[in-house]
Participant: 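Let me give you the structure first, and then I'll get to my questions.
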Amino acid sequence: MTRSITVLGATGSIGDSTLDLIRRNREHWRVEVLTANGNVEKLAALAREFGAALAVCGDEGCLPALREALSGTVIEVAGGPQTLVDAAARPVDMTVAAIVGCAGLAPVMAAAERGGTIALANKEALVAAGDVLMAAVARGGAKLLPTDSEHNAIFQCLAGNSLDHVRSITLTASGGPLRTWNAEQLAQATPAQAIAHPNWAMGAKISVDSATMFNKGLELIEAWHLFPVGLEKLRIVVHPQSVIHSMVEYRDGSTLAQLGPSDMRVPIASCLAWPERMDTPCAPLDLAALGQLTFEAPDEGRFPATRLCREAAQAGGAMPAVLNAANEAAVAAFLDGHLSFTRIAVVVEETMARYTPSAPQTLDDVLAIDREARAWALGLLETA
Ligand code: NDP
């Protein structure tokens, strides 16, 4: 059986992993839409390779180059943020949501309103829009498949069980490349050091988030929406080997964990094949070679991000969107060399203290809060 697929963020790290799996199973998939922001060359090459019906660049200024790169083909082209939304609304069997940041929210909302199945990697969309996105999923009758490795692990551990039986859910965190650094060293960390993740190859933004632990905090908020057991039942443990991807503890004392290699093709394959299974080229786990799996409590003194994310979730309303936007602005400034590593969390905390809008009811409300919070964070950067 052939199924149709749209990959939002096709030129990124999750896009690469997804399209690698599609490439190995070409007969099962028809590629409808591929999107990027400005990487026209890669987008055009992928659109040609996979015979996509439509290629879209989020950056409208890149449209002439995309048109030129795909001239002589029957592939439709489009450019600009609204065309991403229109593309996501086209009916397909599976949408992989892998744009980075809140930029992916409006397309994910369009896919949710349309219904169908969404493999959600774009955690910032769910963190920022929370109830607004979950309401769109319910309205559209969409199926949200968690693609983040931790949430995919929880999804698998929950299979067939009621949330009523869950005593706790534990998200594992690698701790990132700076896990053992002291406060003075962290203050001096460079972008190159922060994105050098020991276990996972990922895009720059999530790599920095992993180093600050904002990634785990954002995942805590993501889990809170996807698996509504209550914030107090969600825990984080540092597990540097990234072999156990998360765990669910039940009321009878049983704990189910999902293990696998640190390769996003495993959770992506679980979503693409759901509710079946498919092959991946990933090497099987060799536990004897690994020798030991270790665990540590998170250190919120050196890495305050998980505390801030928990506080944002506790505050509810607009606060997760404010936190997310401030973090996106601060991470971009860090990557550009304008902010030190340890100031990322400071800028986020100060933005949360100063900008407290009321709870968003619509997508436009969330996008307005996102814009305003970035402006606040940018103002704080200048005084940082
Ligand atoms: P990358 O930076 O590698 O890729 C991001 C993708 O989004 C690219 O296709 C990029 O296009 C596109 N994009 C960036 N900005 C915009 C914009 N303004 N409008 C439209 N498209 C845009 O990111 P990752 O693949 O690492 O991450 C994607 C998402 O998946 C993130 O939310 C991340 O948190 C999540 N995730 C990633 C994991 C990983 O292993 N990488 C693991 C779990 C979750 P272009 O190339 O043209 O810039």
Side-chain angles (χ1 to χ4, degrees), residues 3 5-10 12-25 28-29 93-100 104 108 111 117-127 137 142-161 169-174 176 197-203 205-207 209-210 215-216 218-227 234 236-237 239 241-248 256-285 293:
R3 291 193 293 152
I5 186 165
T6 283
V7 184
L8 305 170
S13 164
I14 292 288
D16 283 343
S17 296
T18 304
L19 291 170
D20 179 72
L21 294 169
I22 302 289
R23 192 177 282 117
R24 293 165 193 275
N25 295 277
H28 296 310
W29 294 98
D93 297 312
M94 167 75 68
T95 302
V96 176
I99 291 175
V100 61
V108 170
T117 305
I118 304 169
L120 183 75
N122 180 200
K123 66 191 83 186
E124 298 91 346
L126 187 51
V127 169
V137 167
K143 178 75 193 167
L144 214 49
L145 296 177
T147 309
D148 225 342
S149 59
E150 294 76 1
H151 306 76
N152 187 264
I154 296 163
F155 183 73
Q156 294 195 47
C157 293
L158 283 171
N161 287 284
I169 292 178
T170 301
L171 296 158
T172 53
S174 70
H197 199 283
N199 306 337
W200 298 93
M202 309 182 287
K205 193 264 176 181
I206 184 177
S207 296
D209 284 347
S210 187
N215 184 48
K216 209 49 52 184
L218 297 176
E219 288 177 5
L220 186 86
I221 301 174
E222 189 185 6
W224 178 53
H225 290 293
L226 289 172
F227 313 111
L234 298 177
I236 294 171
V237 70
H239 165 46
Q241 296 82 17
S242 300
V243 170
I244 295 179
H245 297 301
S246 280
M247 298 169 252
V248 176
L256 301 192
Q258 186 264 353
L259 286 69
S262 315
D263 188 321
M264 283 306 293
R265 289 177 296 183
V266 176
I268 293 169
S270 150
C271 294
L272 292 182
W274 183 85
E276 304 294 329
R277 295 273 178 179
M278 65 186 275
D279 292 335
T280 69
C282 306
L285 272 186
L293 302 181

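The first residue of the sequence shown is numbered 1, and numbering continues consecutively from there.
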Participant: Could you tell me whether the side chain of D148 and the main chain of E150 form a donor-acceptor pair under 3.5 Å?
Facilitator: no
Participant: Please enumerate all residues that pass ring pair (Phe, Tyr, Trp, His ring centres under 6.0 Å) together with H239, with sequence neighbours excluded.
Facilitator: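 For H239 the ring pair (Phe, Tyr, Trp, His ring centres under 6.0 Å) partners, ignoring immediate neighbours, are F295.
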Participant: Looking at CG of D16 and CE of M202, how far apart are the two atoms once the value is rounded to the nearest 0.5 Å?
Facilitator: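 Taking CG in D16 and CE in M202, the distance rounds to 14.0 Å.
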Participant: Which value, rounded to the nearest 0.5 Å, describes the distance between L144 atom CG and T117 atom OG1?
Facilitator: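 Rounded to the nearest 0.5 Å, the CG-OG1 separation comes out at 9.5 Å.
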Participant: Check whether N161 reaches the backbone of A159 with its side chain - one donor and one acceptor, N or O, closer than 3.5 Å.
Facilitator: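 Yes.
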Participant: Between S210 (side chain) and I206 (backbone), is there a donor-acceptor pair under 3.5 Å?
Facilitator: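 Side chain of S210 to backbone of I206, a donor-acceptor pair under 3.5 Å: no, none is there.
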Participant: With a 4.5 Å cut-off on side-chain heavy atoms, are P281 and R265 touching?
Facilitator: yes
Participant: Enter the distance from K216:NZ to E219:CD here, rounded to the nearest 0.5 Å.
Facilitator: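 Going from NZ on K216 over to CD on E219, the span is 3.5 Å.
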Participant: Is the shortest heavy-atom distance from the side chain of M278 to the side chain of L272 under 4.5 Å?
Facilitator: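 The answer is yes; the side chains approach within 4.5 Å.
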Participant: Looking at H245, is its backbone amide N or carbonyl O close enough to the side chain of T172 to form a donor-acceptor pair, meaning the two atoms are under 3.5 Å apart?
Facilitator: yes
Participant: Using the test ring pair (Phe, Tyr, Trp, His ring centres under 6.0 Å), find all partners of H151 that sit at least two apart in sequence or belong to another chain.
Facilitator: none
Participant: Using the salt bridge (Lys or Arg N to Asp or Glu O under 4.0 Å) criterion, which residues pair with R3? Sequence neighbours excluded.
Facilitator: none
Participant: Do you know which two heavy atoms are closest between A269 and T280, and how far apart they sit?
Facilitator: CB-CG2, 3.4 Å
Participant: Taking the side chain as every heavy atom from C-beta outward, state whether S246 and Q258 have any pair of such atoms under 4.5 Å apart.
Facilitator: no
Participant: For T95, what residues pass the side chain to side chain donor-acceptor pair (under 3.5 Å) criterion, not counting sequence neighbours?
Facilitator: R114
Participant: Side chains of I154 and V248, heavy atoms from C-beta outward: is any pair under 4.5 Å?
Facilitator: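 Answer yes - side chains close enough.
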Participant: Does some side-chain heavy atom of M94 sit less than 4.5 Å from a side-chain heavy atom of T6?
Facilitator: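 No; the side chains remain at least 4.5 Å from each other.
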Participant: So, do D93 and I5 sit near enough that their side-chain heavy atoms are less than 4.5 Å apart?
Facilitator: no
Participant: Please check this pair: side chain of D263 against backbone of C282, looking for a donor-acceptor N/O pair closer than 3.5 Å.
Facilitator: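 Not confirmed, D263 side chain does not pair with C282 backbone.
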Participant: In Å and rounded to the nearest 0.5 Å, what is the CG to NE2 distance from L21 to H28?
Facilitator: 12.0 Å
Participant: W200 versus S149: any side-chain heavy-atom pair under 4.5 Å?
Facilitator: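 Yes - at least one pair of side-chain heavy atoms lies under 4.5 Å apart.
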Participant: Would a 4.5 Å heavy-atom cut-off, applied to side chains only, mark V108 and N122 as touching?
Facilitator: yes
Participant: Could I get the full list of salt bridge (Lys or Arg N to Asp or Glu O under 4.0 Å) partners for E124, not counting sequence neighbours?
Facilitator: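 With neighbours one apart ignored, the set is K205.
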Participant: Can you name the closest pair of heavy atoms from F155 and F227 and give their distance?
Facilitator: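 Heavy atoms only, the tightest pair is N-CZ, 4.0 Å.
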Participant: Which residues satisfy the side-chain contact (heavy atoms from CB on, under 4.5 Å) test with T147, sequence neighbours excluded?
Facilitator: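 If we apply the side-chain contact (heavy atoms from CB on, under 4.5 Å) test to T147, skipping adjacent residues, the hits are A119, A121, I268, C271.
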Participant: Return yes if a side-chain donor-acceptor contact under 3.5 Å exists between N199 and S262, otherwise no.
Facilitator: no
